[in-house]
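Below: one structure, written as structure tokens.
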Amino acid sequence: MTEQPARRLLLVHAHPDDESINNGATMAKYAAEGARVTVVTCTLGEEGEVIPPSLAHLTADRENALGAHRIGELAAAMKELGVADHRFLGGTGRYRDSGMMGLEQNHRSGAFWAADVDEAAAHLVEVIREVRPQVLVTYDPDGGYGHPDHIQAHRVAMRAADLAAEPAFRADLGEPHTVAKVYWNRAPRSVVEERFRWLAGVLGESPFTAAATVADVPGVTDDERVTAEIDGRDFGAAKAAAMRAHATQIEVSGPLFALSNGLAQPIFDVEYYELVRGGAGAVRGVRETDLFAGIDAAGAAGPGTTATEGGK
Ligand SMILES: [Zn+2]
């Protein structure tokens, strides 16, 4: 086996831009510390809207060229974060963006939402068995905010974590590997509310005319469900630069950003997680400050894994 960095973090996301919005600071921090950071993106985000008028021709209902364009945006974002290992699930373009819930294109052949979960998970098993991450990060069962591709990314990631450890599953995909810890992206409600109160005071100095609300932030949950917080304040600039690289999707201005709806949101450079598998390092009521906490050199989560088998 080739020599690997000691700490290995795998993140599974639905579309290009989700990784930078959710985990940009975390990824930049761990990459800077020498960890191997691997991002798997499940679709090219072909159905997205486009913010800059000069690129409006790329959308699915016009040239249908947004997916190819977003490959470049993602590559630029990864460079800003120092992440060298980035892949698309099953290869580039294997699964297509499904669009928002209830749309007819959800059910098109090739749409990620229409994919068989086990079949899609097998592609991720191959990555897990190669990279052998101790830590996996993905969305909660609602995908953070109910988008079909985000829900499906959650299902595929959780299924793949199970299957990768299963010796009887697809020996052709590599040696079995147990991911020691699994986290879901989260945001504690009190923190988000506080940040939006702050945002209301600075909105007038920004180019944005209106603010989003707490409900627009994915993964918001009761504070006590949040078990880890990663202080990425040293990497806030890298996160903002990565978000800015997704220019068709995100407008960044100082500490604020907006998606295609134009509504201002705060950029979080402290990022939050809920540990749902592997309890080593987690002490009830005290948030972890390192996703690798409690993991020994052999990559096991150690004994006493009692923390938070999160509600599904
Ligand atoms: Zn997304």
Side-chain angles (χ1 to χ4, degrees), residues 10-27 38-51 55 58-60 66-78 81 83 86-90 92-103 105-106 108 110-115 117 120 124 136-158 183-187 212 215-220 239 242-252 257-263 265 267-268 271-273:
L10 172 66
L11 305 100
V12 178
H13 278 290
H15 312 109
D17 79 350
D18 294 316
E19 78 299 323
S20 297
I21 296 169
N22 284 281
N23 314 110
T26 302
M27 290 191 285
T38 300
V39 179
V40 173
T41 308
C42 296
T43 79
L44 303 183
E46 296 94 331
E47 298 292 323
E49 295 181 47
V50 169
I51 295 174
L55 296 172
L58 295 172
T59 55
L66 185 55
H69 185 84
R70 292 181 73 175
I71 295 170
E73 291 185 340
L74 182 54
M78 294 297 95
L81 298 175
V83 173
H86 169 262
R87 308 139 187 241
F88 289 100
L89 185 68
T92 306
R94 173 66 181 81
Y95 297 105
R96 187 179 170 100
D97 186 349
S98 309
M100 295 297 180
M101 191 62 90
L103 296 181
Q105 56 261 41
N106 295 173
R108 276 203 294 234
F112 189 46
W113 184 240
V117 170
L124 191 57
L136 168 67
V137 171
T138 189
Y139 312 111
D140 64 70
D142 184 46
Y145 72 108
H147 189 295
D149 292 324
H150 287 238
I151 294 170
Q152 187 80 322
H154 161 85
R155 292 175 180 167
V156 167
M158 298 304 285
Y183 289 93
W184 295 340
N185 293 306
R186 286 299 194 184
D216 294 306
V217 176
V220 174
K239 176 173 182 170
M243 290 173 66
R244 196 174 281 115
H246 291 287
T248 61
Q249 306 302 307
I250 304 173
E251 187 180 353
V252 175
F257 77 100
L259 300 173
S260 61
N261 61 16
L263 301 176
Q265 299 190 40
I267 297 176
F268 288 90
E271 294 168 341
Y272 298 89
Y273 301 90

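First listed ligand is number 1; within each ligand, the first listed atom is number 1.
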Taking NZ, NE, NH1 and NH2 as the nitrogens, is one of them in E19 or K239 under 4.0 Å from a carboxylate oxygen of the other? no

Could you check whether any side-chain heavy atom of V50 comes within less than 4.5 Å of a side-chain heavy atom of L66, counting everything from C-beta outward? yes

To the nearest 0.5 Å, atom CE of M158 lies from atom CG of L124 at 11.5 Å

Check H154, H147, H15, H13 against Y139 for a ring pair (Phe, Tyr, Trp, His ring centres under 6.0 Å) and give me the one that passes. H13

Which distance, rounded to the nearest 0.5 Å, do you find between the CG of N23 and the CG of N185? 4.5 Å

side-chain hydrogen bond (donor to acceptor under 3.5 Å, both in side chains) partner of Q105, the single match among R96, E46, E47: E47

Quick one: name the protein N/O/S atoms under 2.8 Å from the Zn ion (ligand 1), chain by chain. H15 ND1, D18 OD1, D18 OD2, H150 NE2

